Amino acid sequence: MTREELYEIARDAVREEELSVTEIPAIDLYMDQILNLVSEKLKTGSERYWDRQLTKTMVNNYSKDGLIAPVKGKKYNREQIVQILTVYTLKNTLSIGEIKRMLDGAYSLEGFDGEALAEVYERYMSIKRENRTYTEEILNELMRRNELDVENETEFMLVIGSLLSLSAFLRQTAQAIIDVKYPQPEEPEEKKEKDKEKEKDKEKDKDKEKDKEKDKEKEKAKKEKKKKKEESEQEESDTVVEQAQEE
């Protein structure tokens with residue numbers, strides 16, 4: 001593979017098209033309308049993104065997980081649509097739990113509302129577009145610093161590995177920042193106590209099961225002992241009868 005072919009692949013690989021805030025209609029939308037908007041936008045980008053469709057199941061799960069403001073009726077307002085798009089664009093990198101902590105943290109700020117989220121989302125889209133232009137530069141710098149020749153089959157594997165390691169480190173850095181800035185909320189003391197009680201009950205149930213097993217084993221051993229005794233007595237009785245018959 002030549003260097004220019006590699007760059008061409010890289011340019012296509014990051015040609016992901018996503019809805020901007022300005023492309024969201026100023027009216028409330030049904031779910032199918034939102035899905036169609038996202039689907040049509042995806043088709044204007046690289047074919048590799050066409051299968052990353054937003055689905056009803058995904059939106060319903062976002063709602064169940066508290067990532068979307070409660071929906072009244074069957075239509076979604078602008079803020080809810082932006083919330084959906086925010087989760088949708090982040091979920092390929094972060095877990096739902098991490099995204100929820102970020103959104104909860106943002107909404108806990110004084111004055112942060114739907115319009116503020118829309119502004120953040122739009123700026124994020126702008127940054128993503130700018131970052132796409134850096135891909136070729138980053139790829140070139142990785143090969144230059146590590147003296148990699150993409151036309152060498154062995155070193156070609158190293159080109160891929162260097163990209164993967166950088167991607168992993170950047171993702172882990174983002175997750176570490178989230179853990180510090182938006183830590184997992186501590187469970188209420190009441191819930192902790194209930195969980196402790198549940199654990200105690202489980203242990204008691206286990207002990208009861210063990211006692212039942214022991215009782216079963218004892219009963220089984222008792223029956224075996226009784227059976228052997230009866231067999232022994234029967235053998236003795238048969239012996240006495242045989243001896244009497246012989247006399």
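Since the structure is predicted, the reported quantities are computational estimates derived from the model, not experimental observations. Residues take their numbers from the sequence shown, with the count starting at 1.
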Whether the [X] and [Y] side chains hold a donor-acceptor pair (N or O, under 3.5 Å, no angle test) is what I'd like checked.
X	Y	answer
Thr44	Glu17	no
Gln83	Tyr107	yes
Arg3	Tyr7	yes
Ser95	Lys100	no
Thr22	Ser20	yes

Do you reckon [X] sits in the same ILVMFWY cluster as [Y], going by side-chain contacts under 4.5 Å, direct or chained?
X	Y	answer
Ile160	Ile9	yes
Ile138	Ile127	no
Leu170	Val180	no
Tyr124	Leu42	yes
Ile178	Phe112	yes

Heavy-atom pair with the smallest gap, counting every atom of [X] and [Y]:
X	Y	value
Glu23	Leu19	OE1-CA, 3.5 Å
Thr93	Gln175	O-NE2, 4.2 Å
Lys128	Thr89	NZ-OG1, 3.2 Å
Tyr62	Tyr88	OH-CA, 3.8 Å
Val71	Gln80	CA-NE2, 3.6 Å

Could you tell me whether the side chain of [Y] reaches within less than 4.5 Å of the side chain of [X], counting heavy atoms only?
X	Y	answer
Glu98	Leu90	no
Asn77	Ile81	no
Leu37	Ile24	no
Gln53	Leu35	no
Val87	Leu103	yes
Val150	Glu155	no
Lys43	Tyr49	no

When rounded to the nearest 0.5 angstrom, what distance separates [atom1] in [X] from [atom2] in [Y]?
X	Y	atom1	atom2	value
Arg171	Leu94	CZ	CG	7.0 Å
Ile27	Tyr76	CD1	OH	15.5 Å
Met31	Lys74	CE	NZ	11.0 Å
Leu6	Arg11	CG	CZ	9.5 Å
Glu137	Asn131	CD	CG	10.5 Å
Glu5	Thr2	CD	OG1	3.5 Å

### Message
Show, in sequence, the C-alpha distance, side-chain angles and deciding distance for Val159 and Leu139, and conclude whether the side chain to side chain contact (heavy atoms under 4.5 Å, CB included) test is met.
### Response
CA-CA 8 Å; Val159 173; Leu139 181 56; 4.0 Å; yes
### Message
The test is side chain to side chain contact (heavy atoms under 4.5 Å, CB included); show your working for Leu85 and Glu18 and say whether it passes.
### Response
CA-CA 9 Å; Leu85 296 177; Glu18 298 172 280; over 6 Å; no
May I ask you to decide if [Y]'s main-chain N or O and [X]'s side chain share a donor-acceptor pair within less than 3.5 Å?
X	Y	result
Asp65	Leu67	no
Ser63	Asn60	no
Tyr121	Ala116	no
Gln33	Tyr30	yes
Gln172	Phe169	no
Ser162	Leu158	yes
Glu147	Arg144	no
Ser167	Leu163	no
Glu122	Val21	yes
Asn146	Leu142	yes

### Task
Verify side chain to side chain contact (heavy atoms under 4.5 Å, CB included) between Tyr182 and Ile177, making sure each step is shown before the conclusion.
CA-CA 8 Å; Tyr182 309 110; Ile177 293 171; over 6 Å; no
Under 4.0 Å between a side-chain nitrogen and a carboxylate oxygen: does that hold for [X] and [Y]?
X	Y	value
Arg123	Glu130	no
Asp32	Lys56	yes
Arg15	Asp12	yes
Glu219	Lys222	no
Arg48	Glu16	no

### Message
Between Arg101 and Asp104, does the side chain to side chain contact (heavy atoms under 4.5 Å, CB included) criterion hold? Intermediate values first, please.
### Response
CA-CA 5 Å; Arg101 280 150 57 193; Asp104 287 346; 5.8 Å; no
